[in-house]
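Comments concern the structure below.
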Amino acid sequence: MNMKTLTSRLPWLLCGALTCGLSNASATNDNWLTSAEFIQSVSLSNQDGNKTDNKNKQRFLAVSEATGIALLNEDGRVLSSIPTKSEHLDFRWLPNALHQGVVTTLDVNTGVVQLIKVNFANNELSVAGLYAPKNTAIDALCLGSTEKHLELFTVDVRGEVNQIVLTTSVDSDWQLKEVNRFPVGLNMKSCAVNDQTNTLFITEENIGIWQYSTNPEHEIIRTLSQLPKGLEVEYVDTTATGDVAAVSPSINSIWLLDHSSNSFQPLPLAEGATPKTVQLVRNGKALSAYVFDDEQEVASKVELGQHAAPVVKSEQASQIDSLPAYAQTDPVVSYGDAADDPEIWVNKHTPAQSLVYGTDKKSGLNVYDLNGKLLKSLPVGRVNNVDIRYNVTIDDEIVDIAAASNRTNKSISLFRINQQSGLPTLIADIQTDLADPYGLCMGKYGNKLAVWINDTDGRFQKYDIEFSGKKAIGTKSMEWMVPSQPEGCVSDDAGMRLFYGEESTGVWLKALNNNNLHSKSINEPDTLIAGLNKEVEADIEGMSLYVLNGKNYLVVSSQGNNRYAVYAVDDGHKYLGVFEVGANWSALIDGASETDGLAVTSQNLGSQLPHGLLVVQDGHKVMPKTTQNFKLVKGTLLRDWILARTQNES
């Protein structure tokens, strides 16, 4: 297999069997099934379309610290071997590759992680890749899989998990990239992944078994399954159907996970057994395990009796659609919760050269092209939200205007946008009387420019913006209070209405007219048009309007569950559902989560974006893990999603 290095971030050596290791089909060792510390049974039934007997549909993978790695037939005869003394063993089928799988193990002499391709059609092992960790050593490693890709998890001596995606859709061009890193603690002995529940299990010596989500977008939360005090938890393993078991040399039992109670229950072994490793095997309702005894240094198969298979995770009754990003912006320079709110500047002359504005609320305002490349950064302070309006006259010149809420000087920062280049220049800071300026949006009603801005204390204000020569003047013309913290808002200028979010409650509508636009007193109460439900969770954050076939659709970030809700606001504010911005595995772009701000336009932005663009802030940037950024989604995906929802209802 001709492979090449794909990322300089990982110290991979990717190569064929002839250069990375030796494959010796003639090697013999009659004791593999009784002496190897790690043995895994592989059923070929689900991969083999031929009507062969069950015996011929079984192979064994064995890893020995004394002998190496071997592929065995159903009688234990060596079919192929690699004489690299190794420890640990995990196996997964290669996605969309009949008769082929991958084994991960660890070279005991060098500490290098090995990825070994297993071809069951010709009974051959070949080393596909090696991973030499820098400035650390690996304690545990395991594999996880989805329909489209594989993932390698390593736990090093510093107590850090490295989650690495291994995309194998092209046999000769595997893609490797770090997905995530997170701390788990010291003295971790082994790991295993339950693909059915997307759970990573890690054994901690003398403590128990920790569980983590394998979804890199999820918050790092762990739960502990404690075993009896004093047990030296050594090894954990899973099956494709979701069985999970662990062993400890301290006690003659296999601990099997009871999914209903999420606790491990003991299954007794022979008196005096000291199990060091375990590999589970399920055949119908029969559960068995290959166990290596630490004191006797003997491997054996143990029948565990009849056990119903764990309930396979069911598809959600209402499947969440995923709209993956085609690109992402360069990460912001600030660490922590920094990137916040985007806006799209549409180039009226050359739409394909439109730009994306984004705030770094610890630094300033950034400008990106439609591929996410940073073009300009203005260190103007802690700007939180940004919005844009077009064709404003300043000193007899027609320009576009951007406004941003600035928490550094409690102001509205105004920027003049060159209509040719789209790049901004700060022209003024309009002072407010807000203690903590937060959310912001703009409106243009006729020739009147307005900025709507709010405070974390619940105050909402409107400032009318005028220009005298080159001087900007802001006059507060409206103020009201909402019960709790607001942030996102968007103005439908033509429809004379303002949509704004109360983070813990939902979306409000303020009807605008010539009277209340210029009156500080509010006579008519606002209307709550969308509350929280089982699909839309607090906080309600960014919002923007997408126009399709002359109708407005409000897109809102549901930060609490990493989703985006859409409302047909011209059709009784009908709720259409939610979608997510999931990972683009082919481009190795992670999904978006914990989104603050978003922006959307349906205007044609060139041949690649004929139906506009959706931009969302990513509050948890992984693949690899770094500072926050913004994800760019083709408007065509949103358009098609809306059409599918509206046509289905009609």
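If you're wondering where the values come from, they're calculated on a predicted model, not measured in any experiment. Just the heavy atoms: all of them, side chains too, but no hydrogens, waters or symmetry mates, feed the values below.
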**Request:** Taking the side chain as every heavy atom from C-beta outward, state whether Gln114 and Thr104 have any atom pair closer than 4.5 Å.
**Result:** no
**Item:** Flag, side chain of Ser250 to backbone of Glu232, donor-acceptor distance under 3.5 Å
**Value:** yes
**Side-chain H-bond candidate by donor/acceptor type, Gln163 with Glu151, under 3.5 Å** = yes
**Prompt:** Between Asn206 and Asn187, does a side chain to side chain contact (heavy atoms under 4.5 Å, CB included) hold up when you go through it step by step?
**Reply:** CA-CA 9 Å; Asn206 299 322; Asn187 301 316; over 6 Å; no
**Request:** Using modelled atom types only, decide if a donor and an acceptor are shared between the side chain of Asn194 and the backbone of Gln196 within a distance under 3.5 Å.
**Result:** yes
**Heavy-atom closest contact (Ser213 atom, Asn215 atom, distance)** = OG-N, 3.1 Å
**Prompt:** Going by distance alone, is a donor N or O of one side chain under 3.5 Å from an acceptor N or O of the other, for Thr239 and Asp243?
**Reply:** yes
**Message:** Between Gln265 and Ser263, do the side chains contain a donor N or O and an acceptor N or O under 3.5 Å apart?
**Reply:** yes
**Message:** Between the side chains of Arg59 and Glu74, is the shortest nitrogen-to-carboxylate-oxygen separation below 4.0 Å, so that they form an ion pair?
**Reply:** yes
**Asked** Is any side-chain heavy atom of Ile207 closer than 4.5 Å to a side-chain heavy atom of Gln226?
**Response** no
**Message:** If we ignore hydrogens and angles and just use 3.5 Å, is the side chain of Asn561 paired with the main-chain N or O of Glu535 as donor and acceptor?
**Reply:** yes
**Request:** Search all heavy atoms of Glu160 against all heavy atoms of Arg181 and return the closest pair with its distance.
**Result:** OE1-NH1, 2.9 Å
**Request:** Please tell me if the side chains of Trp32 and Thr67 come closer than 4.5 Å, counting only heavy atoms from C-beta onward.
**Result:** yes
**Request:** Taking the side chain as every heavy atom from C-beta outward, state whether Ile116 and Ile82 have any pair of such atoms under 4.5 Å apart.
**Result:** yes
**Asked** Would you say Val155 and Leu141 make side-chain contact, with heavy atoms under 4.5 Å?
**Response** no
**Request:** Mind checking the CD1-CG spacing from Ile138 to Leu106? Nearest 0.5 Å is all I need.
**Result:** 7.0 Å
**Message:** Using every non-hydrogen atom in the two residues, find where Gly619 and Gln628 come nearest and quote the distance to one decimal.
**Reply:** O-NE2, 3.1 Å
**Request:** Check step by step if side chain to side chain donor-acceptor pair (under 3.5 Å) holds for Gln211 and Asn262.
**Result:** CA-CA 10 Å; Gln211 299 180 38; Asn262 198 33; 3.1 Å; yes
**Prompt:** Looking only at atom types and distance, does a side-chain atom of His88 sit under 3.5 Å from a main-chain N or O of Asp139, one as donor and one as acceptor?
**Reply:** yes
**Item:** N-O pairing of Lys85 and Asp107 below 4.0 Å
**Value:** no
**Request:** Please list all pairs passing the ring-ring contact (aromatic ring centres under 6.0 Å, His included) test where one or both residues lie in residues 255-293, with sequence neighbours left out.
**Result:** Phe60-Tyr290
**Request:** List the steps, then state whether side chain to side chain contact (heavy atoms under 4.5 Å, CB included) holds for Asp618 with Ser593.
**Result:** CA-CA 5 Å; Asp618 182 10; Ser593 57; 3.7 Å; yes
**Nearest non-hydrogen partners of Gln559 and Asp596, listed with the distance** = NE2-OD1, 2.8 Å
**Prompt:** Distance only, no hydrogens: is a donor on one side chain within 3.5 Å (strictly under) of an acceptor on the other, for Glu124 and Asn119?
**Reply:** no
**Prompt:** If you look at every heavy atom in Val278 and Ala245, which pair is closest and at what distance?
**Reply:** CG1-O, 4.1 Å
**Request:** Rounded to the nearest 0.5 Å, what's the gap from SG on Cys142 to CZ on Phe91? Could you check?
**Result:** 15.5 Å
**Request:** Could you tell me whether the side chain of Ser190 reaches within less than 4.5 Å of the side chain of Glu234, counting heavy atoms only?
**Result:** no
**Asked** In Å and rounded to the nearest 0.5 Å, what is the CG to CG distance from Leu125 to Asn123?
**Response** 9.0 Å
**Request:** Could you tell me whether Arg158 and Asp156 have a side-chain N and a carboxylate O separated by less than 4.0 Å?
**Result:** yes
**Message:** Apply side chain to side chain contact (heavy atoms under 4.5 Å, CB included) to residues Val165 and Trp585 and explain how you reach the verdict.
**Reply:** CA-CA 9 Å; Val165 64; Trp585 293 107; 3.4 Å; yes
**Prompt:** Would you say Thr277's side chain and Glu37's backbone share a donor-acceptor pair under 3.5 angstrom?
**Reply:** yes
**Item:** Member of Leu72, Val103, Ile39 meeting the side-chain contact (heavy atoms from CB on, under 4.5 Å) criterion with Leu61
**Value:** Val103
**Request:** Could you walk me through whether Leu71 and Val118 pass side chain to side chain contact (heavy atoms under 4.5 Å, CB included), step by step?
**Result:** CA-CA 8 Å; Leu71 172 64; Val118 188; 4.3 Å; yes
**Item:** Expected output: side-chain Ser558 to main-chain Glu537 donor-acceptor under 3.5 Å
**Value:** yes
**Message:** Quick one: does any side-chain atom of His149 pair with a main-chain N or O of Thr146 as donor and acceptor, under 3.5 Å?
**Reply:** no
**Fill in**
The reported gap from CD1 in Ile589 to NZ in Lys621 (rounded to nearest 0.5 angstrom) is 9.0 Å
**Fill in**
Sorted by chain and number, sequence neighbours left out, side chain to side chain contact (heavy atoms under 4.5 Å, CB included) with Arg222 holds for Trp210, Tyr212
**Prompt:** In Å and rounded to the nearest 0.5 Å, what is the NE2 to OG distance from His307 to Ser288?
**Reply:** 10.0 Å
**Prompt:** Do you know which two heavy atoms are closest between Ala338 and Val332, and how far apart they sit?
**Reply:** CB-CG2, 4.0 Å
**Item:** Residues Arg563 and Glu580 bridged, charged N to O under 4.0 Å
**Value:** no
**Asked** Strictly by modelled atom types, are Gln279 and Ser41 linked by a side-chain donor-acceptor pair under 3.5 Å?
**Response** no
**Message:** Rounded to the nearest 0.5 Å, what separates atom OG in Ser322 from atom CG in Asn584?
**Reply:** 9.0 Å
**Asked** Considering residues, nucleotides and ligands other than Asn73, do more than 12 of their heavy atoms fall under 6.0 Å from its CG?
**Response** yes
With a cut-off of 3.5 Å and sequence neighbours excluded, list every side-chain donor-acceptor pair involving residues 268-275.
unit_1	atom_1	unit_2	atom_2	d
Thr274	OG1	Asp293	OD1	2.9
Thr274	OG1	Asp294	N	3.4
Thr274	OG1	Glu295	N	3.1

**Request:** Go through the steps to decide whether Trp641 and Tyr564 satisfy the test ring pair (Phe, Tyr, Trp, His ring centres under 6.0 Å), and finish with yes or no.
**Result:** CA-CA 12 Å; Trp641 186 91; Tyr564 308 88; over 10 Å; no
**Prompt:** Between Val193 and Phe201, is any pair of side-chain heavy atoms under 4.5 Å apart?
**Reply:** no
**Prompt:** Are any of the side-chain heavy atoms of Leu532 and Ile540 separated by less than 4.5 Å?
**Reply:** yes
**Asked** Under the 3.5 angstrom rule, does the side chain of Ser86 hit a backbone N or O of Thr84 as a donor-acceptor pair?
**Response** yes
**Request:** Check whether any side-chain N or O of Thr199 sits under 3.5 Å from a backbone N or O of Thr197 as a donor-acceptor pair, and report yes or no.
**Result:** yes
